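The block underneath contains the structure these notes are about, expressed in structure tokens.
Atoms within a ligand are numbered from 1 in the order they appear, just like the ligands themselves. Since this is a predicted model, take the numbers as computed values, not measurements.
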Amino acid sequence: MYRFNREEYEKRIQWYKDARFGMFIHWGLYAIPARGEWLRHFDQTPADEYDRYMDEFTAKDYNPRQWARLAREAGMKYVVLTTKHHDGFCLFDTKYTDFNSMNAPCHRDLVREFVEAVRDEGLKVGLYFSIIDWRHPDYPHYGDEIHPMRNNSNEGNENRDFNRYLDFMHGQVRELCTNYGKIDLLFFDYSYGNMRGQTWKAEELVTMVRSLQPGIIINNRLEAGGRGFGSLVTNDPLPWHGDYVTPEQIVPPDGIKDEQGRPVLWESCITMNRHWGYCAGDRFFKTPAMLIHKLVECVSKGGNMILNIGPDAYGNIPQEELDILKAIAVWMKKNGESIYGCSIAGIPKPDFGRVTRKDNLYYLHIFENAVGALPVQGLDRTRIKRIRALESGHELHVVTHFNYCDYPDYVFIDTGENPVLPDETDYVIKVELEN
Ligand code: GLC
């Protein structure tokens, strides 16, 4: 009988909670048609028509060392690559199907090169694995909620053996957990309708994963998806509970708490434009400022953020995404201390932006400067030990003269003579309180 061990759990997730910021990489055959990774679903494309893309998958510009270096420079502490998406094409050498990168023109185990590059950059290795496989003959087709052949009555399920599919799926997970050294994080994707939990033989799967990769962190999508929290938030998490909740393309308005009101670990997964896989027509990118604000928002609410890149058919990162990563790198180099290991501040959210906290250190993130001195509610003035501008280390002071004394619930910090602060995206002030 499984009993959730909170002490063991908290120990396992510590590095991930401290990391706060990761890179997601969606790359595969879908980068060739370049309309996102759900192309087969939307177009209801038959497998043999889609399989043809494998014949031109050269990965000629694939450079995982560049990807890993960019992630490190951007301040990301873990990197998660799609080893296989719902289309069933495997970026790794697998004995379970020929539909893999060893049999494409690249003839490379792309996952092996990826894990080596990420480890060499000192980052944690994450593997995304789709528990859905639209190409496998034993996966439900006709009438399934999302399968490309869901509306094709010629694709009935009479002769499909789902247990045979599960042997295949579990076998591939075993390969990934056996053949590539230490894996730090596994991102399963995803459960829907009655396709969740023990339908996947989730308990057997998680037991196998944890026996092969002790300490690994697993997300909640054996029982949930980009919506839904899973049993981690209940008083009695199931054996296949995720170690973190995975809100997709959203920052939970109030963070996420369990049934007892305790903060639960979560990670917002967010795209730079509107697609996970490369989409040539989607040039609608979020700005670096917006993404930095979202990262700060996630941390201020007790969560992580994983930011996605979608390389093109050859493996090149789109220029817009390179530019975003470079801009984030500049900010993180100066202010990463206000992200790593930080969490909910426990004081009211200020008008000027947000607050993250680590023990007795409060990081004031100024998205919009105040008129005059900066009003901060909830800090005990008598406990303030020092105040510093994080990026330069220069001293700042509390001011009490003039009309500031009219608002005793607030501490007012003099941010300097120039109302335009050195970093107009997010200027961070570090306030240290006496223990
Ligand atoms: C959703 C999408 C999938 C993507 C995942 C990332 O499940 O359907 O394509 O890989 O989110 O979280």
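- In this structure, R135 is positioned above the aromatic face of F99, its NZ or CZ under 6.0 Å from the six-membered ring centre and within 45° of the axis.
- Per-residue contacts place H85 under 4.0 angstrom from the following atoms of ligand 1 (heavy atoms of the residue considered): 3 (C), 4 (C), 9 (O), 10 (O).
- When only interatomic distances are considered, the shortest N/O to N/O separation between Y190 and ligand 1 does not fall below 3.5 Å.
- Taking each of F187, Y192, W38 in turn, the one with a heavy atom nearest to atom 8 (O) of ligand 1 proves to be W38.
- The ring of F89 has its center closer than 6.0 angstrom to the ring center of F57.
- The nearest heavy-atom contact from the protein to atom 5 (C) of ligand 1 is D189 OD2, 3.4 Å.
- Between F229 and W266, a ring centre-to-centre spacing not shorter than 6.0 Å is recorded.
- Atoms of ligand 1 found under 4.0 Å from any heavy atom of C269, numbered from 1 in the order shown, are 12 (O).
- At a heavy-atom cutoff of 4.0 Å, ligand 1 is contacted by no atom of H275, backbone or side chain.
- For ligand 1, the atoms closer than 4.0 angstrom to any heavy atom of Y128 are 10 (O).
- Without hydrogens or angle criteria, H85 side chain to D87 main chain gives no donor-acceptor distance under 3.5 Å.
- When R227, E267, H26 are checked for heavy-atom proximity to atom 4 (C) of ligand 1, H26 turns out nearest.
- Ligand 1 places these atoms under 4.0 Å from at least one heavy atom of E37: 3 (C), 9 (O).
- A centroid separation of 6.0 Å or more is found between the aromatic rings of Y50 and W134.
- Contact check for R354 versus D426: no side-chain heavy atoms found under the 4.5 Å cut-off.
- In terms of protein heavy-atom proximity, atom 12 (O) of ligand 1 is closest to R221 NH1, 3.1 Å.
- Annotation: W38 is not in aromatic contact with Y30 [ring centroid separation under 6.0 Å not met].
- Within the 4.5 Å cutoff, the side chain of D18 has no heavy atoms near those of the K77 side chain.
- The protein heavy-atom contact nearest to atom 11 (O) of ligand 1 is E248 OE1, 2.7 Å.
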